[in-house]
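Beneath this line is the structure, given in structure tokens, with notes to follow.
What you are looking at is a predicted structure, and each value in this text was computed from that prediction instead of being measured.
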Protein chains: 2
Amino acid sequence: MRRIAERVGIRAPSLYKHFPDKAAVEAGLQAQGMVRLAQDMEAAEAEIGDDPPLLVLASAYRQHALASPHLYRLTHTRPLARAALPEGLEDRAAMPLARAVHGDIDIARTFWAFAHGMVMLELDGRFPPGADLDAAWRTGCEAFAQAIRIKSRGGSA
Amino acid sequence: MRRIAERVGIRAPSLYKHFPDKAAVEAGLQAQGMVRLAQDMEAAEAEIGDDPPLLVLASAYRQHALASPHLYRLTHTRPLARAALPEGLEDRAAMPLARAVHGDIDIARTFWAFAHGMVMLELDGRFPPGADLDAAWRTGCEAFAQAIRIKSRGGSA
DNA sequence: ACCCCATAGCTAACGGCGTTAGCCGCGTTG
DNA sequence: CAACGCGGCTAACGCCGTTAGCTATGGGGT
């Protein structure tokens, strides 16, 4: 809080004239993080073209997280302060993935967990130094793409 | 540190006669967390039988994390203090999964990320209240099992 | 047998954290 | 023109990890 205050040219206690406590500041930053995620995912979706959709979304997700790791952590590694979130934002951020998996909620959640896990392990420096993370991302995306194909065998073409 | 000391019937500064600092205590706990993980994964591997290996390992992993969430966090959400780790322990914990994926390192890493992501999202209360997590776990395990089958089509039977 | 010193406890205190209490000046509003 | 509230400020509280420095106890060497 003191450091945030300093960046704004203010003393720490004055922050409490604008936010009730640290948690509220974090909630505001979470909202910002969700907005940026939604924007980045929508931008990625628009650029899918003929590439594998999951791989495009996954690459964008990874880049999103690595570009501002602190904000990513703040946004995604604690309970989401939904009360302080613009209405519909959470869904908006999830829609590009939901469309890519043809609305299959289990695959969506599973793929989300995969991407979040990959990102967190990378941010936390958990992979061995030489690990080929691009290959791992590719492998994961292909596995889920295959799962979608199988699941929709009886639903569409 | 004061709370740990109290549990041992000691004052906080006396802890520093046994550990150089808080990070060293955490490293010790990380080592304990890794030992338990290795034990739990080995136990799961022994009970695979005719069940899907990935699903058995995944269930054990999830149970392991949910059984002591604080220790799981401490062990797996920060850089691993490898220097303070018994030699070979990290590999030992990874072996059951490595065997289940027939040594495919990319699938192993990917599956690990999936499991870690699922666990972290659950621990952080990130899933919507009614979410069917068992179904998500099942879906993920099946997707990776399928990926293994495809990959080994040219290698073994 | 005795001395010595390492071990392992203690209290006091430091700087940093989030936070609260209380003060003050300025600008807007009735 | 007075009143009030908004948004700054300082001082201080209780928590945190950590350090300095004191002390008692107990095992080993002469």
Legend entry - B/Arg149 and B/Gln146 side chains, donor-acceptor separation under 3.5 Å: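 A donor-acceptor contact under 3.5 Å links the two side chains.
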Legend entry - B/Arg3 side chain near D/dC15 phosphate (N/O to OP1/OP2, under 4.0 Å):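 So the side-chain polar atoms of B/Arg3 never come under 4.0 Å of the phosphate oxygens OP1 or OP2 of D/dC15.
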Inset, instruction - May I ask you to evaluate whether A/Ser14 reaches the phosphate of D/dC9, defined as a side-chain N or O under 4.0 Å from OP1 or OP2? - result: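 For D/dC9, OP1/OP2 do have a side-chain N/O of A/Ser14 under 4.0 Å.
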Inset, instruction - Let me know the distance between CD of A/Glu6 and C1' of C/dG16, rounded to the nearest Å. - result: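 Taking atom C1' of C/dG16 as the reference, CD of A/Glu6 is at 14 Å.
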Inset, instruction - Look at the rings of A/His76 and A/Tyr61 and say which category their plane angle falls in: under 30° parallel, 30 to 60° tilted, over 60° perpendicular. - result: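 The arrangement is tilted - the two ring planes meet at 30° to 60°.
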Inset, instruction - Give me the ring orientation class for B/Phe114 and B/Phe144: parallel if the planes are under 30° apart, tilted from 30 to 60°, perpendicular past 60°. - result: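 Taking B/Phe144 first and then B/Phe114, their aromatic rings sit tilted (interplane angle of 30° to 60°).
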Inset, instruction - May I ask you to verify whether the side chain of A/Arg2 and the base of C/dG16 hold a donor-acceptor pair under 3.5 Å? - result: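 Flag unset: no donor-acceptor pair detected.
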Legend entry - N/O donor-acceptor pair under 3.5 Å between A/Glu45 side chain and A/Leu57 backbone: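 Absent.
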Legend entry - Options C/dT11, D/dC9, C/dC17, nucleotide nearest the side-chain atoms of A/Arg11: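 Selected nucleotide: D/dC9.
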Inset, instruction - Name every residue in residues 15-24 of chain A that has at least one heavy atom under 4.0 Å from any atom of DNA chain D, in order of residue number, or write none if there are no such residues. - result: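 Residues of residues 15-24 of chain A that come under 4.0 Å of DNA chain D are, in numerical order, A/Lys17, A/His18.
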Inset, instruction - Write down the atom of B/Arg78, the atom of A/Arg126, and the distance for their closest heavy-atom approach. - result: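 Closest approach of B/Arg78 to A/Arg126: O-NE, 2.8 Å.
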Inset, instruction - Identify the heavy atoms of B/Asp106 and A/Ala136 that sit nearest to each other, and give their distance. - result: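 Looks like OD1-N, 3.9 Å.
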